[in-house]
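Reminder, nothing fancy here: chain letters follow the sequence lines and each chain counts from 1. Just the heavy atoms: all of them, side chains too, but no hydrogens, waters or symmetry mates, feed the values below.
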There are 2 protein chains.
Amino acid sequence: MTSDQTPAQRLPTLEDVAQVAGVSRATVSRVINNIRNVDPQLHKVVWDAVTATGYVPNRAARSLVTGRTGAIALVVSEAENRAADDPFLGRFFSDPFFGRVVGGVLSVLRPSGVHLALVLAGDEDACAKVVSDVRQGQVDGVVVLSLHPHDPLPQLLADAGVPAVLYGRPAAPMPISYVDVATYQGAKLAADHLVARGCQHVATISGSVDMPAGVDRLNGFREAMAKQGVAYVPSYDGGFTQEGAERAMERLLTEHPEVDGVFVASDVMAQGAMMVLRDHGKSVPDDVAVIGFDDSSAALSSRPPLTTVRQPVEDMAAEMARLLLTRIDSRANRTTSVIFDPDLVQRASA
Amino acid sequence: MTSDQTPAQRLPTLEDVAQVAGVSRATVSRVINNIRNVDPQLHKVVWDAVTATGYVPNRAARSLVTGRTGAIALVVSEAENRAADDPFLGRFFSDPFFGRVVGGVLSVLRPSGVHLALVLAGDEDACAKVVSDVRQGQVDGVVVLSLHPHDPLPQLLADAGVPAVLYGRPAAPMPISYVDVATYQGAKLAADHLVARGCQHVATISGSVDMPAGVDRLNGFREAMAKQGVAYVPSYDGGFTQEGAERAMERLLTEHPEVDGVFVASDVMAQGAMMVLRDHGKSVPDDVAVIGFDDSSAALSSRPPLTTVRQPVEDMAAEMARLLLTRIDSRANRTTSVIFDPDLVQRASA
DNA sequence: GCACAAAGGGAGAGCGCTCTCCGCTCCCGA
DNA sequence: TCGGGAGCGGAGAGCGCTCTCCCTTTGTGC
């Protein structure tokens with residue numbers, strides 16, 4: 001065989017690099033990991049040897065001795081739903097939101113060389129497995145997208161004292177880190193905008209009221225309207241689904257046909273609401289102004305494009321990753337929360 | 001210390017289990033891995049010890065000696081785009097398609113205990129890194145979503161002889177495994193349906209013609225229409241984006257106002273096309289019948305709901321994972337392709 | 001009764017890396 | 001000139017696991 005044919009046989013190890021550089025394994029290791037001072041000359045010699053051999057550290061070996069894996073998991077927890085015939089992961093994975101989170105997390109992870117493993121926790125057992133996984137050192141920590149208010153995972157993680165960061169405030173108070181958006185502030189942006197537009201009969205379509213996001217968006221909006229002197233705002237539960245919002249909008253039109261402004265607690269729901277408005281011959285924004293929440297891709301693809309409260313998903317996800325890495329690095333068990341400011345993105349619907 | 005106080009200190013190892021079971025490490029390992037015959041009685045004793053100690057194999061240690069990581073990567077390759085100010089991963093991650101693939105892949109991986117790592121290959125360097133990653137044993141193989149026709153990654157993978165499976169036929173022929181949908185057949189379903197509906201003036205909005213999916217959907221549709229005796233089908237390039245499709249539809253209406261049936265090469269594009277049709281006062285499906293392609297979530301959320309050629313994304317993704325696992329297991333370097341049959345999902349738009 | 005085979009279990013050598021020790025060298029102050 | 005300390009490199013012990021030997025036990029046929 002020519003020299004080109006066998007290099008794939010055995011990958012270069014620290015030992016090989018050491019031999020080429022004429023130093024010991026330990027020194028090469030020190031150079032690679034930038035630990036302690038190594039004579040600058042030797043330093044260069046070693047790096048040259050690394051380049052020459054094409055050496056890349058073996059993750060498994062390193063992990064074995066350090067007890068760190070260099071990987072974190074993105075856990076999508078949807079415990080407690082799942083009809084038996086539900087296609088594996090249901091609607092969530094086909095929600096653009098998921099991808100945006102992944103993108104944000106990866107943007108932080110990539111430079112630091114940490115791997116991102118994707119994990120689905122579909123039921124309580126799976127949640128327990130997630131906890132044991134991280135305790136057993138399969139991953140160093142977890143970033144969690146928890147989809148249901150009664151999801152047991154956050155509590156399990158908090159109890160286990162495992163490095164974890166949630167997207168969104170947990171439904172019940174518990175010692176666990178999270179990132180969130182200032183929902184009240186966002187709802188206020190929407191309220192102020194509708195009032196400034198001159199809307200006289202404002203209503204809202206809320207998300208599920210058993211979820212923090214649902215409650216906060218509703219209460220925040222009501223509070224802001226109250227500040228504007230509007231004592232009562234009719235609200236209808238859209239359950240965070242397009243169909244739910246369509247039904248809610250139908251009811252709203254029936255019971256309050258005079259409505260001229262609606263704050264809808266998510267863009268997807270707003271899309272449904274606008275379809276119903278159109279079906280009823282109402283024009284948006286002239287007859288009824290509509291404001292969504294999230295600034296998801298649905299906001300742009302809807303007709304008319306949606307004025308919405310922007311939730312900086314990518315930034316928030318990136319912050320989750322940063323918080324987690326810090327927590328893992330420090331080994332200290334401190335919980336932190338970071339709250340992001342929302343913006344009002346003004347498009348055509350209001 | 002009591003026996004209860006330190007268990008978290010050190011995780012149980014094979015050695016511990018062996019001690020509890022009163023056998024050697026080797027035997028426990030044999031039981032765990034189901035390798036060779038172990039006396040059924042001992043077998044049980046060992047399992048009891050595993051349960052009692054709460055033992056979970058250490059991935060790193062195992063990986064170190066076997067040379068397998070028990071992880072595969074899902075690579076999203078978007079080499080050669082990326083404006084400098086492009087938010088990390090651009091639009092793709094917010095496309096529901098991504099999540100559906102993840103779901104399909106995970107459904108296969110989970111039972112087999114293989115981890116899924118997410119990797120982004122944004123440029124040629126990143127592609128090279130992917131190849132070296134798998135050669136260096138960071139992961140055992142890769143599943144690839146390649147977004148651009150001139151993406152170098154598939155060729156790199158093929159050259160390196162690395163275990164890999166693509167979603168969709170590569171733009172240029174090369175020895176690499178892939179799964180795909182029978183596009184011609186799908187286009188034929190659409191053509192036959194439009195003709196059966198009685199459409200007299202059929203046109204099509206195609207995807208990018210430099211992508212296999214774009215070309216095949218266009219040619220397949222033309223061929224099928226030809227079989228139906230329609231020699232010429234006007235076509236407009238929508239570039240697989242909603243905006244592109246909107247422009248294409250505008251042109252189509254200008255140049256062929258008599259059109260009464262359109263095959264649009266993706267649901268997202270179809271959504272845009274329908275909006276333009278509505279803006280022009282055309283009703284769907286009465287004035288113009290519209291058929292999409294993919295059966296993505298856009299098909300359901302559009303008004304009216306879209307009749308579309310269903311691409312079984314989850315199934316295809318699952319098959320990718322299966323092919324990859326088989327390939328990794330066998331260590332044989334055989335390439336395979338699996339082609340899925342599309343269905344016509346009939347909704348309201350045609 | 002013996003030779004032989006087959007089968008099950010144990011011992012031990014690493015896999016590639018980090019990290020603690022230890023020892024050498026060199027510089028500085030007394 | 002010499003002691004002491006700081007700085008830097010090397011030796012070597014594992015991390016937890018698999019897997020190859022090898023030994024023991026048991027079964028089988030003549």
Side-chain angles (χ1 to χ4, degrees), chain A residues 9-47 49-50 53-71 113 132-133 135-138 140 329 331, chain B residues 7 9-47 49-50 53-71 113 133 135-138 140 329 331:
Chain A
Q9 295 286 42
R10 207 179 56 83
L11 297 167
T13 71
L14 254 202
E15 190 70 55
D16 299 327
V17 179
Q19 208 149 18
V20 170
V23 298
S24 74
R25 272 204 324 280
T27 302
V28 179
S29 175
R30 282 194 274 258
V31 170
I32 301 270
N33 297 295
N34 248 318
I35 202 84
R36 259 185 41 179
N37 265 352
V38 174
D39 184 277
Q41 243 174 11
L42 254 193
H43 197 277
K44 182 181 174 345
V45 170
V46 169
W47 269 120
V50 167
T53 52
Y55 171 78
V56 172
N58 179 309
R59 236 184 160 77
R62 178 178 281 178
S63 170
L64 184 57
V65 49
T66 58
R68 296 278 187 78
T69 61
S132 96
D133 260 19
R135 301 190 70 167
Q136 302 285 352
Q138 308 278 349
D140 296 334
D329 249 24
R331 289 174 186 268
Chain B
Q9 296 285 41
R10 208 177 53 84
L11 296 168
T13 70
L14 256 201
E15 191 69 54
D16 299 328
V17 179
Q19 208 149 19
V20 171
V23 297
S24 73
R25 272 205 325 281
T27 303
V28 180
S29 175
R30 283 194 272 260
V31 170
I32 301 270
N33 297 294
N34 250 317
I35 203 83
R36 259 183 46 176
N37 265 351
V38 173
D39 184 279
Q41 241 174 9
L42 255 193
H43 195 278
K44 183 180 173 344
V45 170
V46 169
W47 269 121
V50 167
T53 52
Y55 171 78
V56 172
N58 179 309
R59 238 185 159 77
R62 179 179 278 176
S63 170
L64 184 57
V65 47
T66 59
R68 295 278 189 78
T69 61
D133 261 18
R135 301 188 70 168
Q136 304 282 354
Q138 308 277 351
D140 296 334
D329 249 24
R331 291 177 184 266

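When atom types are taken as modelled, the side chain of S63(A) and the backbone of A60(B) share no donor-acceptor pair closer than 3.5 angstrom. Of the possible polar contacts, one joining the D140(B) side chain to the T69(B) backbone as a donor-acceptor pair under 3.5 Å is found.
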- Task: Kindly determine whether Q19(B) and T13(B) satisfy side-chain contact (heavy atoms from CB on, under 4.5 Å), including the steps that lead there.
- Result: CA-CA 10 Å; Q19(B) 208 149 19; T13(B) 70; over 6 Å; no
- Task: Report the C-alpha distance between D16(A) and Y55(A) in whole Å, list the side-chain angles of each, state the deciding distance to 0.1 Å, and finish with yes or no for side-chain contact (heavy atoms from CB on, under 4.5 Å).
- Result: CA-CA 9 Å; D16(A) 299 327; Y55(A) 171 78; over 6 Å; no
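The separation between Q138(A) atom CD and dG16(D) atom C1' is 13 Å, rounded to whole Å. Nucleotide dG16(D) holds its C1' atom 10 Å from the CG atom of D16(B), rounded to whole Å. Rounded to an integer number of Å, the gap from Q19(A) CD to dC17(C) P is 14 Å. Computed from coordinates, the I32(B) CD1 to dT18(D) C1' distance equals 12 Å when rounded to whole Å. Atom-to-atom, CG of N58(B) to P of dG16(C) comes out at 17 Å; the value is rounded to the nearest Å. To the nearest angstrom, C1' of dG9(D) lies 15 Å from CD of Q41(A). Atom pair D39(A):CG and dT25(C):C1' shows a separation of 12 Å (rounding to whole Å applied). If you take CG of L14(B) and C1' of dG16(D), they are 7 Å apart, rounded to a whole angstrom.
With sequence neighbours excluded, the residues that form a side chain to side chain donor-acceptor pair (under 3.5 Å) with R25(A) are E15(A).
Here CD1 of I32(B) is found 7.5 Å from CZ of R62(B). Values are rounded to the nearest 0.5 Å. With rounding to the nearest 0.5 angstrom, the CZ atom of R59(B) is 14.0 Å from the CG atom of L64(A). Of the inter-residue distances, the one linking R30(A) atom CZ with I35(A) atom CD1 reads 10.0 Å to the nearest 0.5 angstrom.
Two residues, S24(A) and L64(A), neighbour DNA chain D, and the one matched to the more 5' nucleotide by heavy-atom proximity is S24(A).
Taking the side chain as every heavy atom from C-beta outward, V23(B) and L42(B) approach each other to under 4.5 Å.
Between the axis at the start and the axis at the end of the helix from dG1(C)-dC30(D) to dA30(C)-dT1(D) there is an angle of 40°, using five pairs per end and rounding to 10 degrees.
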Return the polar atom pairs (N/O with N/O) between nucleotides 19-25 of chain D and the protein under 3.5 Å, or none.
none

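With dC17(C), dG10(C), dG9(D) as the candidates, the nucleotide lying closest to the side chain of A61(A) is dC17(C).
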